[in-house]
Amino acid sequence: MELVLFYAFAVLAIGSALLVVSLKNTARALFLFFVVLFGMAGLFLFALADFVAITQIMVYVGGVLILMIFAFMLSNKELLADLQNTSSRFLSMPNWQSLLLTLGFLAVMIYGIIEWQQHTPNWITQNIHKGQVILPSDNNINQLGIKFMTHYLLPFEVISIFLLMALIGAAHLSRKEDKQ
Amino acid sequence: MITLTHFLVVSACLFCIGLYAVLAKRNAIMILVGIEFIINAAILNLVAFGRYDKINYGGQVFALFAIVLAAAAVAVGLAIILNVYRKYKSINPDNITDLRD
C-alpha cells in the first residue's frame with residue numbers, strides 16, 4: 001500500500017514535470033508546476049519529513065507560484081509572440097541538443113546510483129544498527145525546533161539575514177524609476 | 001518498504017527535467033521554473049538521507065534552509081526579469097546581450 005502511494009506521487013510529480021517542460025502555453029505550465037510541487041510534498045512525507053512538506057506547500061504555493069504568475073502577467077505580450085515562434089519548428093536544433101545532453105546526464109546519474117547501491121555509506125548502516133533512524137511515531141516538529149535553536153543557531157540567523165537582504169533587494173529592483 | 005534508491009531515482013529524473021528546462025526554454029520564467037525543479041530534487045535527496053540521521057536532523061534542517069534559499073532566489077530573479085522586460089520588451093535570454101544601456 002505504501003509503495004503504491006509512493007509510486008502514485010512519483011508518477012504525479014514526474015509526469016506533470018514532463019508536461020511543464022513540453023507545454024507551449026506558459027500559463028498552463030505554471031499551474032502544472034503547482035501540481036509538481038504538491039507531488040514533491042507528498043514524496044517528502046514518505047521520507048518522514050512532515051514539517052518540510054508543509055513548509056514546501058506554504059512557501060511555494062503561497063509565495064513562489066503567486067510571484068511567478070505575477071511576473072507572467074506583467075510580461076504577457078512577449079510570451080504570446082514566443083508561442084507562435086516556437087510552434088512552427090518542432091525539434092529545432094537547440095532543443096535536440098539539450099535533450100541529448102539531459103538524457104546523457106540522466107544515464108550517468110542512474111549508473112552512479114546503481115553503482116552506489118552496493119556500498120551503503122558507513123554512517124547509514126551504523127545508525128540503522130543503533131536504531132537512530134527517524135520513525136513514523138517520532139515527534140519531528142518538536143525536535144526540529146530544538147535543533148534550530150541550539151545546534152543550528154548560526155545558520156538559522158545567517159539565513160534570516162539573507163532572506164531579509166533578498167527581500168529588500170527584490171523590492172529595490174522592482175521599484176519604478178522616476179522619470180528623468 | 002521504500003528504500004533510498006527509490007528516492008534517488010525520482011530526484012534524478014526531476015533534476016534532469018529541470019536541466020532540460022534550463023537548457024532548452026527561451027523564456028526566462030520557464031528557466032526559473034527549471035531551476036526550482038533542480039532545487040526540489042536536491043531537497044528530496046536531503047530529506048531522504050536525513051531519515052537515517054536522528055541525532056542531528058541534518059537533512060530536514062538543511063532542506064528547510066534550501067527552501068528559504070529557493071524562495072529568495074525566485075524573488076530576486078523575478079524582480080530582475082521584470083526590470084529586463086521593462087528595458088528590452090522581451091524575456092528571451094537570447095535577445096538580452098548587453099549589461100547596461
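The sequence lines fix the lettering, A, B, ..., with proteins before strands; numbering per chain opens at 1.
When the candidates B:Leu14, B:Asp53, B:Val47 are compared by the number of heavy-atom contacts under 4.5 Å with chain A, B:Val47 comes out ahead. In terms of heavy-atom pairs under 4.5 Å with chain B, the best-connected choice from A:Val133, A:Leu43, A:Ile114 is A:Val133. Each of B:Leu64, B:Leu32, B:Val68 has some count of heavy-atom pairs under 4.5 Å with chain A, and the biggest count is that of B:Leu64. In terms of heavy-atom pairs under 4.5 Å with chain B, the best-connected choice from A:Phe105, A:Tyr152, A:Phe33 is A:Tyr152. By number of non-hydrogen pairs under 4.5 angstrom with chain B, the leading residue of A:Leu135, A:Ile159, A:Asp138, A:Asn127 is A:Ile159. Looking only at heavy-atom pairs under 4.5 Å with chain A, the residue among B:Asn56, B:Leu4, B:Ile43, B:Leu69 that has the most is B:Asn56. Ranking A:Val21, A:Leu167, A:Leu18 against chain B, the residue ahead of the rest is A:Val21, based on heavy-atom pairs under 4.5 Å. Note on B:Val76, B:Val10, B:Val61: by heavy-atom pairs under 4.5 Å with chain A, the leading option is B:Val61. Top candidate by heavy-atom pairs under 4.5 Å with chain A, chosen from B:Leu8, B:Asn40, B:Val9, B:Val22, is B:Asn40. Ranked by non-hydrogen atom pairs under 4.5 Å with chain A, the options B:Ala71, B:Ala12, B:Ala21 are led by B:Ala12.
Linking Ile, Leu, Val, Met, Phe, Trp and Tyr residues whenever their side-chain heavy atoms come within less than 4.5 Å leaves A:Ile66 and A:Met68 in two separate clusters.
For a residue to count as touching a neighbouring chain, one of its non-hydrogen atoms must lie under 4.5 Å from one of that chain's; by this rule A:Met109 touches chain B with the side chain only. Using a 4.5 Å cut-off between heavy atoms, A:Ile110 contacts chain B through its side chain alone, with no backbone atom that close. Interface remark: A:Phe156 contributes backbone and side-chain atoms alike to the contact with chain B (heavy atom separation under 4.5 Å). Contacts between A:Leu144 and chain B at a heavy-atom distance below 4.5 Å involve the side chain alone, from C-beta outward. Using a 4.5 Å cut-off between heavy atoms, A:Val36 touches chain B through its side chain atoms alone. With a 4.5 angstrom heavy-atom cutoff, A:Leu103 does not touch chain B via any of its atoms. Residue A:Phe148 touches chain B through its side chain alone, counting heavy-atom pairs closer than 4.5 Å. Only the side chain of A:Leu101 comes within contact range of chain B, judged by heavy atoms closer than 4.5 Å. Both the backbone and the side chain of A:Asn140 come within less than 4.5 Å of a heavy atom of chain B. Looking at A:Leu106, both its backbone and its side chain come within 4.5 Å of chain B, counting heavy atoms on both sides. Using a 4.5 Å cut-off between heavy atoms, A:Leu67 touches chain B through backbone and side chain atoms alike. Heavy-atom distances place no part of A:Pro121 under 4.5 Å from chain B, backbone and side chain included. Contact of A:Val59 with chain B is made through the side chain alone, with heavy-atom distances under 4.5 Å. Using a 4.5 Å cut-off between heavy atoms, B:Phe15 touches chain A through its side chain atoms alone. When heavy atoms are compared at a cutoff of 4.5 Å, A:Gln56 approaches chain B by way of both its backbone and its side chain.
If you take CZ on B:Phe62 and CG on B:Asn45, they are separated by 15.5 Å, rounding to the nearest 0.5 Å. We find the CG-CD1 distance between B:Asn27 and B:Ile81 to be 8.0 Å, quoted to the nearest 0.5 Å. Note that the CG atom of B:Leu78 and the CD1 atom of B:Ile29 stand 6.5 Å from one another [nearest 0.5 Å]. In this structure, CG on A:Leu32 lies 11.0 Å from CG on A:Leu37, to the nearest 0.5 angstrom. Between A:Gln143 atom CD and B:Tyr57 atom OH the span is 5.0 Å, to the nearest 0.5 Å. Note: B:Thr3 OG1 to A:Leu3 CG = 8.5 Å, rounded to the nearest 0.5 Å.
Aromatic pair A:Phe162/B:Phe65: ring centres not closer than 6.0 Å.
For NE2 of A:His129, the number of neighbouring non-hydrogen atoms (other residues, nucleotides, ligands) closer than 6.0 Å is 12 at most.
Only one option out of A:Phe44, A:Phe46, A:Phe6 pairs with B:Phe7 in a ring-ring contact (aromatic ring centres under 6.0 Å, His included); it is A:Phe6.
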(Q) B:Glu36 vs A:Tyr60, test: side-chain hydrogen bond (donor to acceptor under 3.5 Å, both in side chains). Steps then yes/no. (A) CA-CA 10 Å; B:Glu36 291 304 305; A:Tyr60 274 97; 3.0 Å; yes
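You'll find the side chain of B:Asn83 stays beyond 4.5 Å of the side chain of A:Ser174, heavy atoms only. Proximity of B:Tyr20 to B:Phe37: side-chain heavy atoms (C-beta onward) are nowhere separated by under 4.5 Å. Within the 4.5 Å cutoff, the side chain of A:Asp50 has no heavy atoms near those of the A:Ile54 side chain.
Applying the salt bridge (charged side-chain N to carboxylate O under 4.0 Å, His left out) definition to pairs two or more places apart or across chains, none involves residues 106-134 of chain A.
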